[in-house]
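Notes for the one structure printed next.
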Amino acid sequence: MGFSTDAIHIGQEPDPATGAIIVPIYQTSTYVQTELGHHKGYEYSRTGNPTRAALERNLAALEGGAFGFAFSSGMAAIHAVTGLLRTGDHVVAGRNLYGGTFRLFERVLRDYGLSFDYADTRRVNDVDRTLRPNTRLLFIETPTNPVMEIADISAISHLAHERGILVAVDNTFMSPYFQRPLALGADVAVHSTTKYLNGHSDGVGGAVIVNNPDVAGRIRFLQNAVGAVPAPFECWLVLRGVKTLAVRMRQHSENGLAVAQHLERHPKVKTVHYPGLPSHPQHELARSQMTGFGGMLSFETGSRENACALLKSVRLCSLAESLGGVETLISHPASMTHASVPEDERDRLGITSGLVRISVGVEDVEDIIADLDQALESMPVCPS
Ligand code: P1T
């Protein structure tokens with residue numbers, strides 16, 4: 001079956017008890033057993049819940065994986081992936097990651113005896129050079145948040161697998177509609193379902209999808225043992241969201257490209273980071289591993305003063321963290337999503353004080369462009 005058919009139907013069969021077309025919200029903490037050890041597959045809702053199980057089956061299918069696990073946030077999902085490691089293990093991560101992921105690695109997991117090094121994941125050689133004998137995990141985002149660098153998932157997976165290293169890809173920006181890391185050779189796909197999978201900015205959640213039964217067994221154990229599970233209602237919201245994932249992603253991508261092209265031509269804009277633009281240095285790689293380019297882009301206004309003026313003047317676009325909802329969000333990575341990354345490191349990555357990020361929504365694109373145009377007018381200084 002096709003992607004949309006799977007999104008609408010897998011895990012979302014009519015309720016066998018009532019025929020309800022929508023998966024019920026099983027708002028229960030526990031399940032009655034008829035006698036000791038006899039139950040209907042569910043014992044306690046941290047361990048398993050039918051609404052969550054429906055979502056997990058659905059997300060596994062969309063990512064082309066055998067096992068899916070839902071978590072209470074994207075961060076909880078990423079934390080579970082690092083639970084595959086032990087004290088003394090080394091992780092190579094992409095140098096540009098969501099700020100919260102960097103913070104988890106640097107300010108939580110280092111204290112537990114894991115070590116981290118950061119590689120330029122645009123370059124397989126750089127990843128290779130960063131590996132150590134005790135490297136156990138390669139963790140990458142592609143495209144990266146917020147400068148939209150692309151990593152070659154298949155080449156990096158090949159390199160890692162020669163050394164027995166696990167590859168995890170944060171697929172939040174593309175969603176499985178545009179990019180399937182497992183099919184490209186990665187071992188783990190991880191998501192903040194808060195974003196495109198939910199799609200409506202009304203929930204927080206995460207997911208991990210894998211193929212290997214041993215890895216799945218450990219993630220299942222951690223999900224229950226640590227307990228960062230989503231509530232049934234949160235799962236239901238994502239099940240509702242994924243049904244329209246394909247149509248939303250197509251529109252996000254169409255609008256994203258139109259906004260990127262417009263900004264690229266605008267005299268007050270210096271650089272636009274969007275993998276769908278032929279000017280993106282990795283456009284060809286993006287085309288080869290993604291089937292669309294999505295709705296995320298960032299651009300350089302030249303200074304903090306310019307960024308502030310722009311962000312103060314938008315009317316339709318909302319100044320807010322997060323992304324992937326139907327409404328257009330605009331943000332300032334240096335002071336918002338990536339504030340936990342040290343300033344010199346941010347500057348090195350291009351997360352300057354003039355960088356503005358847009359999660360292009362599915363409103364009429366001419367309205368988004370008109371709003372950006374009027375806001376760009378307010379910028380006091382032209383970038384040099
Ligand atoms: O917010 P949460 O559901 O815990 O997901 C964290 C996360 C993980 N991975 C990526 C690529 C992300 O972008 C995020 C969260 N990002 C934002 C809130 C943001 O505005 O970029």
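A donor-acceptor pair shorter than 3.5 Å cannot be found between the side chains of Thr130 and Asp117. No donor-acceptor contact under 3.5 angstrom links the side chains of Gln179 and Thr291, judged on distance only. Using modelled atom types and a 3.5 Å distance limit, the side chains of Asn96 and Glu141 yield no donor-acceptor pair. Side chains of Ser279 and Glu264: a donor on one and an acceptor on the other come within 3.5 Å. Between the side chains of Asp373 and His262, at least one donor-acceptor pair of N or O atoms lies under 3.5 Å. Donor-acceptor pairing under 3.5 Å is lacking for the side chains of Glu149 and Thr121.
One N or O on the side chain of Gln374 and one on the backbone of Ser313 form a donor-acceptor pair closer than 3.5 Å. Between the Glu56 side chain and the Ala70 main chain, a donor and an acceptor come within less than 3.5 Å of each other. Without hydrogens or angle criteria, Ser359 side chain to Leu329 main chain gives no donor-acceptor distance under 3.5 Å. Under the 3.5 Å distance criterion, the side-chain polar atoms of Tyr274 are matched with a main-chain donor or acceptor of Gly294. Checked by atom type and distance alone, the side chain of Lys268 never pairs as donor or acceptor with a backbone atom of Thr301 at under 3.5 Å.
How far NE2 of His79 is from CZ of Phe105: 10.0 Å, rounded to the nearest 0.5 Å. Rounding to the nearest 0.5 angstrom, the gap separating the CG atom in Leu297 from the CZ atom in Arg357 is 10.0 Å.
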TODO: Could you give me the CA-CA distance, side-chain angles and deciding distance for Thr30 and Glu43, then say whether side-chain hydrogen bond (donor to acceptor under 3.5 Å, both in side chains) is met?
DONE: CA-CA 6 Å; Thr30 193; Glu43 294 160 86; over 6 Å; no
Task: Criterion side-chain hydrogen bond (donor to acceptor under 3.5 Å, both in side chains) on Ser115 and His90, from CA distance to verdict - done: CA-CA 5 Å; Ser115 56; His90 177 247; 4.6 Å; no
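Taking every heavy atom of both residues into account, Leu310 and Leu376 meet most closely at CD1-N, 3.6 Å. Between Met290 and Pro143, the shortest heavy-atom contact is CE-CG, 4.2 Å. Minimum interatomic distance between Ala168 and Leu137 (heavy atoms only, all atoms of both residues): CB-CD1, 4.0 Å.
By the 4.5 Å heavy-atom criterion applied to side chains, Leu311 and Ile330 are counted as neighbours. Contact annotation: the side chain of Leu131 approaches that of Ile165 to within less than 4.5 Å [non-hydrogen atoms, C-beta and beyond]. Considering only heavy atoms from C-beta on, Thr82 stays 4.5 Å or farther from Tyr112 through its side chain.
Here Phe293 pairs with His283 under the ring-ring contact (aromatic ring centres under 6.0 Å, His included) rule; sequence neighbours left out.
Not less than 6.0 angstrom separates the ring centroid of Tyr196 from the ring centroid of Phe173.
Using bins of under 30°, 30° to 60° and over 60° for the plane-to-plane angle, the ring pair Tyr118/Phe102 lands in the tilted bin.
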